[in-house]
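Remarks on the structure that follows.
Just so it is clear: chains get the letters A, B, ... in the order the sequence lines come, proteins before strands, and each one is counted from 1.
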Amino acid sequence: MTRSGADPRIELDRAPLPDPAEIRWLRRSLCDWYHAFKRDLPWRRRSDAFAIWISESMLQQTRVETVIPYFERFMARFKDLAALAEGEEEEVLALWSGLGYYRRARALHAAAREIMEFHGGVFPHERSALLGLPGVGPYTAGAVLSMAFGASEALVDGNVARVFARVFALEAPLRSPALEQALWRFAEALVPADAGESADAQKGVDPGSWNQAVMELGATLCTPKGPRCQLCPLQERCEARARGRAEELPIPAPRRPLVAVELEMLLARTGERTLLTRRPPGGRMAGMWELPTREIPNARGETHLWEADFSTFALAGGCIPIGEELSTLRHAITHHRITVSLRRATFDPSGAQVRAQNESTWRLAADDDLASLALTGLTKKALRAVSGPAL
DNA sequence: AAATCGGGGAT
DNA sequence: ATCCCAGATTT
């Protein structure tokens with residue numbers, strides 16, 4: 001129990017874990033609720049590590065509703081680990097197009113190849129081996145181990161953080177080291193034993209169900225705003241609710257100030273094809289295709305996300321803005337608020353400057369091919385905005 | 001410890 | 001308009 005006025009960091013270090021009877025009650029109550037009310041999600045219809053791993057990678061910082069169609073398309077194309085390892089990164093990126101955090105897609109593909117080469121094509125069952133795979137951190141390792149293998153492994157995500165911060169009244173800012181440490185301590189204490197090891201196994205109470213139950217509660221009832229405490233199976237044991245602080249917890253993390261960004265994008269069409277340029281390797285959205293884009297420097301001459309000029313190709317290669325504004329778009333990338341002016345441009349592919357360009361940095365994409373390319377989300381949005389009359 | 005990396009859906 | 005999402009990696 002915390003005392004007002006004390007250092008919350010020290011308090012969290014010593015915050016007492018629930019006693020064994022309370023732990024049994026928490027597991028029983030939440031797992032019963034989960035099995036009664038859980039959503040029917042595509043990855044819950046299968047239990048193989050490959051499907052769990054793909055879904056958890058897609059779900060990193062991404063909502064369930066957003067992921068579902070991406071997951072279905074991905075699994076239809078890559079049915080197992082071997083298929084993914086044999087696929088090309090470009091195609092993986094294309095399937096990821098619009099989902100964001102493209103590093104995840106690259107890591108997924110690289111990890112599949114590592115498993116085929118170094119683990120005999122068998123998904124590792126050990127936490128240390130999982131953590132050695134690109135794109136697999138503490139959360140994803142815990143998710144795969146508990147959900148696919150039934151191992152007694154904890155996990156902490158945004159939902160777990162919110163639920164535990166409320167149920168146990170953990171008074172420290174989100175993402176602070178003090179809270180992170182406390183959350184993992186509670187998560188490890190609460191996750192049920194492996195079915196094979198548990199002396200007093202409870203029906204329906206297993207590591208995978210428990211971990212998903214906590215997240216399901218956070219996603220459906222114990223929401224950031226307007227938690228529906230009257231429906232919560234843990235309401236009688238929730239310390240934040242007892243204190244009337246359910247909506248005040250968890251304490252939000254400090255926010256970064258928003259930065260305004262202005263972009264100009266060009267729609268250059270020849271025949272039934274659209275000019276695209278390829279983003280350089282290594283940076284943001286590396287290797288993804290986009291409409292020629294430049295950032296308009298702010299009053300201090302600064303740019304934040306793009307270069308001040310169009311690519312050398314777009315400038316010198318005969319792609320010339322002709323002033324007609326087709327659309328104004330709004331977009332958001334992390335803490336950047338982006339306003340885009342989409343303009344018509346002319347393009348002459350026959351010029352010497354164009355021929356001198358490396359063709360891996362630009363292409364004229366046929367309309368029918370756009371859906372299968374690794375486009376950035378913003379370019380997808382721009383093409384959607386002008387599809388129809390403008391195309 | 002802090003910054004970076006996408007995009008969108010809910011409020 | 002704001003928040004934050006089934007996080008991982010780099011600096």
Measuring only the [atom1] atom in each nucleotide, how far is [N] from [M]? A whole number of Å is fine.
{"N": "B/dG8", "M": "C/dT9", "atom1": "C1'", "value": "23 Å"}
{"N": "B/dA3", "M": "C/dA6", "atom1": "C1'", "value": "23 Å"}
{"N": "C/dA8", "M": "B/dG9", "atom1": "C1'", "value": "23 Å"}

Between [Y] and [X], is there a salt bridge with N-O shorter than 4.0 Å?
{"X": "A/R269", "Y": "A/D367", "value": "yes"}
{"X": "A/E89", "Y": "A/R113", "value": "no"}
{"X": "A/D369", "Y": "A/R273", "value": "no"}

Considering every strand and a 4.0 Å limit on heavy-atom distances, what is the contact class for [X]: base, sugar-phosphate, or nothing?
{"X": "A/A143", "result": "nothing"}
{"X": "A/V136", "result": "sugar-phosphate"}
{"X": "A/S57", "result": "nothing"}
{"X": "A/R44", "result": "base"}
{"X": "A/G98", "result": "sugar-phosphate"}
{"X": "A/W96", "result": "nothing"}
{"X": "A/L217", "result": "nothing"}

Provide, to the nearest angstrom, the distance between the [atom1] atom belonging to [X] and the [atom2] atom belonging to [N].
{"X": "A/R330", "N": "B/dG7", "atom1": "CZ", "atom2": "P", "answer": "17 Å"}
{"X": "A/M58", "N": "B/dG6", "atom1": "CE", "atom2": "C1'", "answer": "14 Å"}
{"X": "A/Y102", "N": "B/dG6", "atom1": "OH", "atom2": "P", "answer": "7 Å"}
{"X": "A/I338", "N": "B/dG8", "atom1": "CD1", "atom2": "C1'", "answer": "13 Å"}
{"X": "A/L99", "N": "B/dC5", "atom1": "CG", "atom2": "C1'", "answer": "13 Å"}
{"X": "A/L263", "N": "B/dG6", "atom1": "CG", "atom2": "C1'", "answer": "14 Å"}
{"X": "A/I333", "N": "B/dT4", "atom1": "CD1", "atom2": "C1'", "answer": "12 Å"}
{"X": "A/R337", "N": "B/dG8", "atom1": "CZ", "atom2": "C1'", "answer": "12 Å"}

Report task. Quick one: sort the A/F37 and A/W33 rings into parallel, tilted or perpendicular, breaks at 30° and 60°. Result ->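 Judged by the thresholds at 30° and 60°, the geometry between A/F37 and A/W33 is tilted.
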Report task. Look at the aromatic rings of A/F149 and A/H125 and report parallel, tilted or perpendicular, splitting at 30° and 60°. Result ->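 It falls in the parallel class, under 30°.
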Query raised in the report: Looking at A/R256, does any N or O in its side chain come under 4.0 Å of the phosphate oxygens OP1/OP2 on B/dT4?
Result: yes
Report task. Ignoring backbone atoms, establish whether A/H331 has a side-chain N or O less than 4.0 Å from OP1 or OP2 of B/dG7. Result -> yes
Report summary line: Checking A/L276, A/L93, A/T379 against A/L373 for side-chain contact (heavy atoms from CB on, under 4.5 Å), the one that qualifies is A/L276
Query - Contact nearer the 5' end of DNA chain B, comparing A/H335 with A/T376 - result: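 On the 5' side of the pair lies A/H335.
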Requested in this report: Would you mind telling me which residue lines up with the more 5' stretch of DNA chain B, A/K381 or A/P177, judged by nearest nucleotide?
Outcome: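 With A/K381 and A/P177 compared, the 5'-side residue is A/P177.
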Report task. May I ask you to decide if A/R284's main-chain N or O and A/R279's side chain share a donor-acceptor pair within less than 3.5 Å? Result ->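 Yes; at least one donor-acceptor contact below 3.5 Å.
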Query raised in the report: Are the side chain of A/E216 and the backbone of A/K38 linked by a donor-acceptor contact shorter than 3.5 Å?
Result: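 No, A/E216 side chain to A/K38 backbone: no donor-acceptor pair under 3.5 Å.
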Query raised in the report: Any N or O donor-acceptor pair linking the side chain of A/T334 to the base of B/dG7 at under 3.5 Å?
Result: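 For A/T334, whose side chain was compared with the base of B/dG7, there is no donor-acceptor pair (under 3.5 Å).
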Grab the N/O contacts between the protein and nucleotides 9-11 of chain B below 3.5 Å, and write none if there aren't any.
from, atom 1, to, atom 2, distance (Å)
B/dG9, N2, A/R63, NH2, 3.1

Query raised in the report: Hey, does the Lys NZ or Arg CZ of A/R237 hover above the aromatic six-ring of A/W25, less than 6.0 Å from the centre and inside 45° of the axis?
Result: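 Ring-cation test returns no.
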Query raised in the report: Checking A/R73 against A/Y70: charged group under 6.0 Å from the ring centre and within 45 degrees of the axis?
Result: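 That pair qualifies as a cation-pi contact.
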Requested in this report: Check every atom of B/dC5, B/dG8, B/dA3 against the side chain of A/R384 and return the nucleotide holding the closest atom.
Outcome: B/dG8
Query - A/R103 or A/R39, whichever maps to the more 5' nucleotide of DNA chain C - result: A/R39
Query raised in the report: Earliest and latest nucleotide of DNA chain C, 5' to 3', sitting under 4.0 Å from a non-hydrogen atom of chain A?
Result: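 Nucleotide range in contact with chain A: C/dT2 to C/dT9.
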Requested in this report: With side-chain hydrogen bond (donor to acceptor under 3.5 Å, both in side chains) as the test, would you mind laying out the steps for A/R104 and A/T62 before giving the verdict?
Outcome: CA-CA 12 Å; A/R104 296 180 294 173; A/T62 310; 3.2 Å; yes
